[in-house]
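Notes follow the structure.
Keep in mind that this is a model prediction, so the values were computed, not measured. Just so we're on the same page: letters track the sequence lines, and every chain starts at 1.
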2 protein chains.
Amino acid sequence: MTTTVSSRRQHTRDRLIDAATGLFAEKSIEGASVEEISERAGFTRGAFYSNFDSKEELCLEIVRQRGEQLLETTRRALAVIPDSPVNAQWLEEIIAKVITVLDVGFTFDDNWVLVRQELRLYAFRNPTFRPALIEVEQDANNLASEALAAALARHGASLRIPLDQLMVTLDAFCERTRVDSILNGDSDAGHSWRDGLERIVRALVVLPADEDRASAEPV
Amino acid sequence: MTTTVSSRRQHTRDRLIDAATGLFAEKSIEGASVEEISERAGFTRGAFYSNFDSKEELCLEIVRQRGEQLLETTRRALAVIPDSPVNAQWLEEIIAKVITVLDVGFTFDDNWVLVRQELRLYAFRNPTFRPALIEVEQDANNLASEALAAALARHGASLRIPLDQLMVTLDAFCERTRVDSILNGDSDAGHSWRDGLERIVRALVVLPADEDRASAEPV
DNA sequence: TGTATCCGATACGGCAACGTATCCGATACA
DNA sequence: TGTATCGGATACGTTGCCGTATCGGATACA
C-alpha cells in the first residue's frame, strides 16, 4: 500500500505549509526564502522542491486549505441560526455568530490576520494566484451573507446599509482593528475588536419593534 | 551658493522616492531591490547609497512626506467646516469633506492604497520604522476626528457608535473597497467606494431632528 | 581661470538564494 | 529476502543583490 508513504508526504507538506505561514507573517511572502521555509520545517530545499514547484504553488495550497476551513467554520457557526427560536435574544445570538465567523473564520489568529493581508497583496501582483484567492473569499462571503440575510428576514429586521456593504464593513473593521492592535503591541488579550463589532452591528440593524422610520431604509 | 547643488540633490531624492513608491506597489517592499529602484529612477546604486543609508530610511522619508501631505490636505479640507452656516445641507457638506480627506489624504491613488498596506506590514516587522508610521497615522486621525466631532457638536448631531470607531470604520471600509476593486480589475472609475462611504455616514449619524431615541445613543 | 567640493558612476569582493541533477536510505511488495 | 519505488538530502553552478571604496565630471566661488 502507498498509504504509509503517502501520509508521510502529507506530513512534510503540512510542516512546510506551517513553517511558510509563520514566516510569511514575520518576514512577508517575498521576504521569506525557500531555504528558510524548508529549514524551519526541518527539511532542506530538496524536500521543498520535491513537494512544490514554487513558492507560488505553496501559496495556492495555503489558500485552498484556509478556504476549506473557512467554509467549514462558517457553515457550522451559521447552521444553528435557522433552528433558533424567534425570541428576544435573537440579535445577541446573531452577533455572537458573526463574531465567531469573523474570529475563527476570517481572521483566525494574529498570524493569519497578517498573512491574509500578505496574500491579498501577493494576489494583486500574481495573475495566476489572483483568481484562487478571490474565489475563496467570495465563496465564504456569499455563504455568510446569505445566512445573515435569511436570519434578518426571518425576524423582520432590516439594515441601514446594503448587506454587501455591511459584510465588507464588518470584515474590514475587524481586520483593521486587529492589525492596529498588533502594530501597537497591544496583545489584544481582551479581543477589544469584538466590542466595536457588536456596536456596529447594533447600530446598523433596525429591529422591527423600533418603528424607526426616520432613518431606517430597508434594503 | 549651494542652492543649485542642493536642489539637484533634492531632485534625485524625489525621483528615487517616486520610483520606490511605484515598485513597492508592484513588487512589495521586500521584493523591490535597491538596484531596481535606482535603475527606474534613472540612476545607479551609487546614487541611492549617496542619498539614503538603506531602504528602511527611504521608507521613513516616504512616510514623512506623506504625513505632511496628509495633514496639509486634511487641514485644508476641514478648515471650511467651522465657517459654513448652520443649514440643512450641513450633513452633505461634512460627507463631502470626509470623502475628500479619505480620498486625497488617506488613500490617494491606487498605488498609495497598496503601498500604505505594504508600509503597515513593514512597520510590523521593523521596530525602528514602526513608531514613525504610527505617529503619522495617529496625527492625521486625531486632526480629522477632532474636526468632525466639533462639526457634529455644533449641529447637535450624535453618532450611533463612538467617534474613534467611526473613523476606523470609514478608513478601513474605504481602503478595503479600493483594494478589492484593484484586485478584481475594476478600474474603479466611478469611485464606487464613495457611495458606500456616504451610506455608512448617513446610517451612523443621528440628526437632531430625528428624535430617534430608540436606537440613538449619543456618545 | 583655477581650485575645492559636491554627487553620482564605476569597480570590487562577497554572500545568499535559486533551481537542478544526482544520490541514498527507507519502505512496499512479491 | 530481494528488488523497485519513493522521498528527502547532498552537491553544484549560476545569478542577483548587497555595501563600500574609489573615481571623475560638473558646479561654485574666489
Side-chain angles (χ1 to χ4, degrees), chain A residues 1-62 65 118 121-122 125-126 128-129, chain B residues 1-62 65 118 121-122 125-126 128-129:
Chain A
M1 284 285 272
T2 42
T3 307
T4 307
V5 176
S6 170
S7 84
R8 168 151 86 114
R9 202 154 180 75
Q10 189 57 47
H11 182 241
T12 77
R13 284 177 71 94
D14 288 345
R15 289 183 61 183
L16 283 168
I17 286 175
D18 283 351
T21 307
L23 277 168
F24 288 170
E26 287 173 27
K27 315 188 107 192
S28 88
I29 294 179
E30 323 281 336
S33 69
V34 171
E35 194 134 29
E36 238 172 339
I37 296 171
S38 312
E39 193 185 354
R40 174 172 297 199
F43 299 100
T44 62
R45 263 177 314 134
F48 183 97
Y49 285 109
S50 166
N51 279 279
F52 302 98
D53 283 348
S54 61
K55 201 155 68 176
E56 176 184 332
E57 235 212 28
L58 182 142
C59 288
L60 270 173
E61 190 56 32
I62 290 181
Q65 285 195 9
E118 287 286 342
L121 291 165
Y122 188 69
R125 18 177 205 273
N126 201 309
T128 313
F129 178 70
Chain B
M1 284 284 274
T2 42
T3 307
T4 307
V5 177
S6 171
S7 84
R8 166 150 87 113
R9 203 156 179 72
Q10 190 57 46
H11 182 241
T12 75
R13 284 177 72 94
D14 288 345
R15 289 183 61 183
L16 283 168
I17 287 175
D18 283 351
T21 307
L23 277 167
F24 288 170
E26 287 173 26
K27 315 188 108 191
S28 90
I29 294 180
E30 323 281 336
S33 69
V34 171
E35 193 134 28
E36 237 173 338
I37 296 170
S38 312
E39 193 185 355
R40 174 172 298 199
F43 299 100
T44 61
R45 263 178 315 134
F48 183 97
Y49 285 109
S50 166
N51 279 279
F52 303 98
D53 284 349
S54 61
K55 200 155 68 176
E56 176 185 332
E57 234 212 30
L58 181 140
C59 288
L60 271 173
E61 189 57 32
I62 289 180
Q65 284 196 8
E118 286 285 343
L121 291 165
Y122 187 68
R125 17 178 206 272
N126 200 309
T128 313
F129 178 70

Quiz prompt | For E30(A), all residues meeting side-chain contact (heavy atoms from CB on, under 4.5 Å), sequence neighbours excluded | solution = S28(A), Y122(A), R125(A), S28(B), E30(B)

Practice problem: Could you tell me which residues satisfy side-chain contact (heavy atoms from CB on, under 4.5 Å) with Q65(A), sequence neighbours excluded, listed by chain and number? | Solution: D14(A), I17(A), E61(A)

Quiz prompt | Partner residues of F48(A) under the ring pair (Phe, Tyr, Trp, His ring centres under 6.0 Å) criterion, sequence neighbours left out | solution = F52(A)

Self-check item: R9(B) CZ to dA28(D) C1', straight-line distance once rounded to whole Å
Solution: 16 Å

Exercise. Sequence neighbours left out, what passes side-chain contact (heavy atoms from CB on, under 4.5 Å) with S50(A)? Give chain and number order.
Key: R9(A)

Self-check item: With sequence neighbours excluded, residues passing side-chain hydrogen bond (donor to acceptor under 3.5 Å, both in side chains) with S54(A)
Solution: none

Quiz item: If only side-chain N and O atoms of N51(A) are considered, is one of them under 4.0 Å from the OP1 or OP2 phosphate oxygen of dG7(D)?
Solution: no

Self-check item: Strand contacts (DNA chain C) in residues 12-27 of chain A, 4.0 angstrom heavy-atom criterion
Solution: none

Quiz item: Over how many whole Å does the gap from R8(A) atom CZ to dT5(D) atom C1' extend?
Solution: 11 Å

Quiz item: Does a salt bridge link R40(B) with E26(B), judged by any charged N lying under 4.0 Å from a carboxylate O?
Solution: yes

Quiz item: Between dC18(D) atom P and D53(B) atom CG, what is the distance in whole Å?
Solution: 15 Å

Quiz item: Who are the side-chain hydrogen bond (donor to acceptor under 3.5 Å, both in side chains) partners of T44(B), not counting sequence neighbours?
Solution: none

Quiz item: Quick one, which residues of residues 28-47 of chain A touch DNA chain C with a heavy atom under 4.0 Å?
Solution: S33(A), V34(A), E35(A), R45(A)

Self-check item: Nucleotide dG7(D), atom P - distance to CZ of F48(A) in whole Å
Solution: 17 Å

Quiz item: Listed by chain and number, what are the side-chain contact (heavy atoms from CB on, under 4.5 Å) partners of R15(B), not counting sequence neighbours?
Solution: H11(B), A41(B), F43(B)

